[in-house]
Amino acid sequence: MAPMDEDLDLITRTAAGEQEAFNELVIKYQKPLYSLLYRMVSNHEDAADLLQKTFVRAFTGIAGFERRSSFKTWLYQIAINLAKNVYRDRARAGHIPLDDVVISRDPRTLETLIEKESRQQLRQQFAGLPEKQRLTLLLRVQENRKFEEIADIMKCSLGTAKANYHYAVQKLKKKLAGQ
Amino acid sequence: MTCKNDEIKELLPAYLGQELDFAALKRVEAHLASCEDCRSELAILAMLSEEAVPDPGQAFWMEMPLKVRREVREKREKRSSLTARFLRPFAVPRWTWAATAAAVLITALWLVVQPSPVKVAFDGSDSLFEETGGGEPLDLAELSPTQLDAAVLWAQNQFATETDAVNEDLLENPERDLSDDLSNLNGKELDRLYEMLKKEEQNLRNKGRKRTPREKEIG
């Protein structure tokens, strides 16, 4: 059975109250969704909470799933929308946490420090990108999604998805080169 | 210098993810050998893609379906208790919803087809019921579309409050099928529905008798 048909079968069985199908859907998508959410919010507590909320919203609103895109794309859309709220709340509070604050407590070689520092700078610049550009870059590079899929998830055209990716990379390059 | 080779730039994430076919791979590698801008872009992409996501552990993954199921159940229970609280002021036996919905149409037909002193006015006006001294039974086929519409409109007005309540209930439960509700009515409930309709007919007869000549003129 093709992955999409397999999902539709699981959704139908879930809607009919079959617990095993419900579990199967959660188990199938929890890891990729957690990875996406963790990369968006940078900490386990929020990522775990958002993961649960994503599934709850999907299963309570399964009637709203129009089956025009894949179930996976639909789940990504829900997860991204929920994570956006967390990210916006933090940005409003002026608090965008960056992990990896262990550098000062864990000095190793100079080379490691420099590498860690440039990674931290990259994270900082990445977190400061406009939302759509940051999400597009995350989906393309960290989640290995194709531009067509990104356009579906972000509900935009293929050209817009490519442009967002392009601008994001150019900004990161410029900012990192200027430091 | 900024490289303008968009084709190669678009291929860089796929190159990083080792998703390219042999020809594309060679093309990208040849370009990277001579383009510093694309090499630095690839380095940035590589750093981003290497950002590790910690594994929260087996217990976390195993618990997730259970947690989700529990929360979904809680949400559904909460939603149904809220609906129940909202509807409590209008609480009536379940069959009444079906009865009132059905009554809107049935009454219209009842009044039109039954032998009754209340008869449909054939003067083309909007008024439908007039006092008569013993009208002939009417057949639906005798009614013009305008008169039939007027009959339905009248019935809808008579039961406006009940119809609104039914519609609200249907919005809350879109999958609800009223024909199921009707089929659930027992003999006693059907008798009560019949009584309701008879009473409504009697009211209309009385109303018709009490109308003043002026009212009759207006219709």
Side-chain angles (χ1 to χ4, degrees), chain A residues 19-20 22-27 29-39 42-45 47-48 51-60 62-63 99-100 115 118-119 121-123 125-126 137-147 162 165-166 168-170 172-177, chain B residues 1-20 35-80 172-175:
Chain A
Q19 199 168 302
E20 203 48 49
F22 176 95
N23 290 351
E24 228 176 290
L25 278 171
V26 175
I27 289 164
Y29 288 113
Q30 60 181 356
K31 288 187 180 178
L33 275 175
Y34 177 81
S35 150
L36 168 80
L37 289 163
Y38 184 88
R39 285 182 160 135
S42 307
N43 74 80
H44 168 70
E45 285 71 27
L51 178 66
Q52 192 172 328
K53 280 186 175 148
T54 302
F55 282 124
V56 169
R57 189 165 289 189
F59 288 120
T60 49
I62 204 108
D99 54 1
D100 208 359
E115 200 202 314
S118 59
R119 279 183 188 277
Q121 280 171 2
L122 179 66
R123 279 191 207 115
Q125 297 303 338
F126 178 71
L137 190 57
L138 188 161
L139 288 167
R140 182 68 194 104
V141 179
Q142 296 180 319
E143 295 293 319
N144 281 329
R145 299 283 141 229
K146 294 188 186 333
F147 281 117
K162 285 183 178 179
Y165 168 82
H166 175 75
V169 173
Q170 293 314 309
L172 284 185
K173 263 185 355 189
K174 267 187 201 162
K175 290 197 170 167
L176 290 172
Chain B
M1 201 180 93
T2 308
C3 174
K4 300 281 182 201
N5 192 332
D6 289 341
E7 190 220 335
I8 295 292
K9 282 177 184 295
E10 253 181 49
L11 291 175
L12 289 180
Y15 173 76
L16 210 56
Q18 299 179 332
E19 298 160 6
L20 294 179
C35 180
E36 200 188 326
D37 184 53
C38 284
R39 279 203 301 275
S40 68
E41 186 164 320
L42 186 66
I44 289 173
L45 297 182
M47 262 204 274
L48 278 175
S49 72
E50 282 162 11
E51 284 284 273
V53 173
D55 186 344
Q58 200 53 32
F60 175 81
W61 301 125
M62 282 175 71
E63 279 175 8
M64 188 52 66
L66 190 68
K67 283 182 180 172
V68 174
R69 210 167 48 238
R70 198 183 304 140
E71 200 181 329
V72 169
R73 196 177 51 232
E74 282 170 9
K75 275 199 182 299
R76 282 188 181 147
E77 283 168 4
K78 199 173 163 190
R79 197 186 301 168
S80 65
E172 286 284 327
N173 307 288
E175 70 284 359

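Naming convention: chains lettered A, B, ... in sequence-line order (proteins, then strands); numbering from 1 in each chain.
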What part of [X] gets closer than 4.5 Å to chain A, counting heavy atoms only: side chain, backbone, both or neither?
| X | result |
| --- | --- |
| A43(B) | neither |
| D55(B) | neither |
| K67(B) | both |

For each of [options], tally heavy-atom pairs with chain B at distances under 4.5 Å, and name the one with the top tally.
| options | result |
| --- | --- |
| L172(A), L25(A), V141(A) | V141(A) |
| K31(A), R39(A), H44(A) | K31(A) |
| N144(A), L122(A), I27(A) | L122(A) |
| V26(A), T54(A), L138(A) | V26(A) |

Check: Which one of E19(B), M62(B), E71(B) has the most heavy-atom pairs closer than 4.5 Å to chain A?
Finding: E71(B)

Check: So which of L12(B), V53(B), L66(B), D6(B) has the largest heavy-atom pair count under 4.5 angstrom toward chain A?
Finding: V53(B)

Check: Between CG of L33(A) and CE of M64(B), what distance do you get to the nearest 0.5 Å?
Finding: 10.0 Å

Shortest non-hydrogen contact between [X] and [Y], atoms and distance:
| X | Y | value |
| --- | --- | --- |
| E10(B) | R140(A) | O-NH2, 4.4 Å |
| Y165(A) | E41(B) | OH-OE2, 4.3 Å |
| Y34(A) | P54(B) | CE2-O, 3.6 Å |
| A52(B) | Y38(A) | O-CE2, 4.1 Å |
| S40(B) | K173(A) | OG-CD, 4.0 Å |
| P65(B) | N23(A) | CB-OD1, 3.5 Å |

Notebook entry, point to check: Can you find a heavy atom in the side chain of K9(B) that is under 4.5 Å from one in the side chain of Q170(A)?
Noted result: yes

Please state whether the side chain, the backbone, both or neither of [X] comes within less than 4.5 Å of a heavy atom of chain B.
| X | value |
| --- | --- |
| F126(A) | side chain |
| A47(A) | neither |
| L137(A) | side chain |
| F55(A) | both |
| V169(A) | side chain |
| E143(A) | neither |

Notebook entry, point to check: Step by step, would you call L51(A) with V68(B) a side chain to side chain contact (heavy atoms under 4.5 Å, CB included)?
Noted result: CA-CA 9 Å; L51(A) 178 66; V68(B) 174; over 6 Å; no

Margin query: Test your reading of the model: is there a side-chain donor-acceptor pair from Q142(A) to the backbone of L48(B), 3.5 Å cut-off?
Written below: yes

Check: Sub-3.5 Å donor-acceptor pair from the side chain of Q30(A) to the main-chain atoms of W61(B), do we have one?
Finding: yes

